[in-house]
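Just so it is clear, the structure is predicted and the values come from calculations on it, not from any experiment. Lettering follows sequence order; numbering is per chain, from 1.
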Protein chains: 2
Amino acid sequence: MDQQQISAYLLKNGVRPLQKRVKIMSYLVSKRNHPTVDMIYSDLIHEINGLSKTTIYNVLNLFVQSGVALALNIEGNEIRYDADTSTHGHFKCKVCTGVIDFRIKKEDLPNPMLEGFRIDEQHFYLKGVCSFCANKIEA
Amino acid sequence: MDQQQISAYLLKNGVRPLQKRVKIMSYLVSKRNHPTVDMIYSDLIHEINGLSKTTIYNVLNLFVQSGVALALNIEGNEIRYDADTSTHGHFKCKVCTGVIDFRIKKEDLPNPMLEGFRIDEQHFYLKGVCSFCANKIEA
DNA sequence: TAATGTTTTTATAATGATTACAAAAATATG
DNA sequence: CATATTTTTGTAATCATTATAAAAACATTA
């Protein structure tokens, strides 16, 4: 997705495509690394002149409200952000602290009986050790 | 579960059943309300003389490490604790902020292909509006 | 039971992520 | 171009959690 497409995508979802917003969304879409605010900040500060961490918080909160990003709560002390809002799961490695996606089909998620409940978000995540780190430990 | 049973349960899981630990676990088991540290503190401060919030943090971290409690990360700004370590899901209501359990069979959870990964924890949670709050809003 | 060593708890301070707020800058509108 | 609105910024405030060292509780041994 180039900046044009990002702009159109934001606009379609009710987010005015201002420069910094487009750049932050670009970052999320291209890196796909489920960054924390700090990670975004330290990467983009070089690219965007005079970027403030508060702006990143503002923009991400707006993205989540508008439905163009997900806030992932896997560890209690950090929120990670994901521009992929389609159904999928997350795995967090305790060793390298990375978060990776895995595919789940929507119909494979449990469908609990919650009569009268309105369900807005579904989250499925795993914690453990990724194959890369598991290999290193063994060796 | 009375205090005797709680003590035995803790002991079996490698946690020395000291007084405050037993009371905190009793609280978790009897209330089943997925409390935050603050909720536990304000409820137990009346019952346990000279209880410190740091102790609750210590004890809960120990419980989680020992596998007798789960730390739930649903909202980024709070950790909730659950003494029910069996497979089940959680629903968080955006209106009343309460967290409730729902049944899931272990075999109904998605089983992603993650070759070589070690999976320690599985979490499935939903966010939305519970039936009670949904009714109130409609009326 | 008394003496001693270890573990646990406490109180305070420190940390770290997030939000509140008001001023400055950017953007849109007439 | 002038004005009104929205966004961003920088600083300070907030809130949950952890670090730390002293005090208290507990277990062990004589």
A.B. asks: Among the clusters formed by ILVMFWY side chains lying less than 4.5 Å apart, do Val29(B) and Ile24(B) turn up in the same one?
C.D. replies: yes

A.B. asks: Let me know the distance between NZ of Lys23(B) and C1' of dT9(C), rounded to the nearest Å.
C.D. replies: 15 Å

A.B. asks: Under 4.0 Å, heavy atoms only, any strand: does Asn58(B) hit a base, just the sugar-phosphate, or nothing?
C.D. replies: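 Asn58(B): base contact, heavy atoms under 4.0 Å.
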
A.B. asks: Tell me which nucleotide among dC26(D), dT18(C), dT17(D) gets nearest to the side chain of Arg16(B).
C.D. replies: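 In terms of side-chain proximity for Arg16(B), the closest of dC26(D), dT18(C), dT17(D) is dC26(D).
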
A.B. asks: Do side-chain atoms of His88(A) reach the backbone of Phe102(A) as a donor and acceptor pair under 3.5 angstrom?
C.D. replies: no

A.B. asks: If only side-chain N and O atoms of Tyr57(A) are considered, is one of them under 4.0 Å from the OP1 or OP2 phosphate oxygen of dT19(C)?
C.D. replies: no

A.B. asks: Counting only side-chain N and O atoms of Gln19(A), is one of them less than 4.0 Å from OP1 or OP2 of dT27(C)?
C.D. replies: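 Gln19(A) to dT27(C) OP1/OP2: side-chain N or O found under 4.0 Å.
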
A.B. asks: Without placing hydrogens or testing angles, list every side-chain donor-acceptor pair under 3.5 Å for residues 63-78 of chain A, not counting sequence neighbours.
C.D. replies:
from     : atom 1 : to        : atom 2 : distance (Å)
Ser66(A) : OG     : Leu62(A)  : O      : 2.8
Glu75(A) : OE1    : Lys92(A)  : NZ     : 3.3
Glu75(A) : OE2    : Lys127(A) : NZ     : 3.0
Glu78(A) : OE2    : Arg80(A)  : NE     : 2.8
Glu78(A) : OE2    : Lys92(A)  : NZ     : 2.8

A.B. asks: So, the side chain of His90(A) versus the backbone of Tyr125(A): is there a donor-acceptor pair under 3.5 Å, distance only?
C.D. replies: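 No: the side chain of His90(A) does not pair with the backbone of Tyr125(A).
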
A.B. asks: Quickly work out the Leu62(A) CG to dT6(D) C1' distance and round it to whole Å.
C.D. replies: 12 Å

A.B. asks: Salt bridge or not between Lys106(A) and Asp108(A)? Use side-chain N to carboxylate O under 4.0 Å.
C.D. replies: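 No salt bridge links Lys106(A) with Asp108(A).
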
A.B. asks: Which one, dT27(C), dT18(C), dC26(D), comes nearest to the side chain of Leu18(A)?
C.D. replies: dT27(C)

A.B. asks: Please give, in whole Å, the distance from dA17(C) P to Glu75(B) CD?
C.D. replies: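 Going from Glu75(B) (CD) to dA17(C) (P), I get 19 Å.
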
A.B. asks: Nearest whole angstrom, please: distance from the P of dT11(D) to the NZ of Lys53(A).
C.D. replies: 13 Å

A.B. asks: Rounded to whole Å, please give me the gap between CD1 in Ile56(B) and P in dT8(C).
C.D. replies: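 Result: 17 Å.
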
A.B. asks: I need the CG-P distance between Leu72(B) and dT17(D), as an integer number of Å.
C.D. replies: 12 Å

A.B. asks: Under 4.0 angstrom, heavy atoms only, what part of the nucleic acid is Lys20(B) near: base, sugar-phosphate, or nothing?
C.D. replies: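 Result for Lys20(B) = sugar-phosphate.
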
A.B. asks: Contact class for Gly50(B) (heavy atom, under 4.0 Å): base, sugar-phosphate, or nothing?
C.D. replies: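 Result for Gly50(B) = sugar-phosphate.
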
A.B. asks: Let's see if you can work this out: which of dT19(C), dT17(D), dT18(C) has an atom nearest to the side-chain heavy atoms of Asn61(A)?
C.D. replies: dT19(C)

A.B. asks: How long is the line joining CD of Glu78(A) and P of dC15(D), in whole Å?
C.D. replies: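 After rounding, the reported distance stands at 22 Å.
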
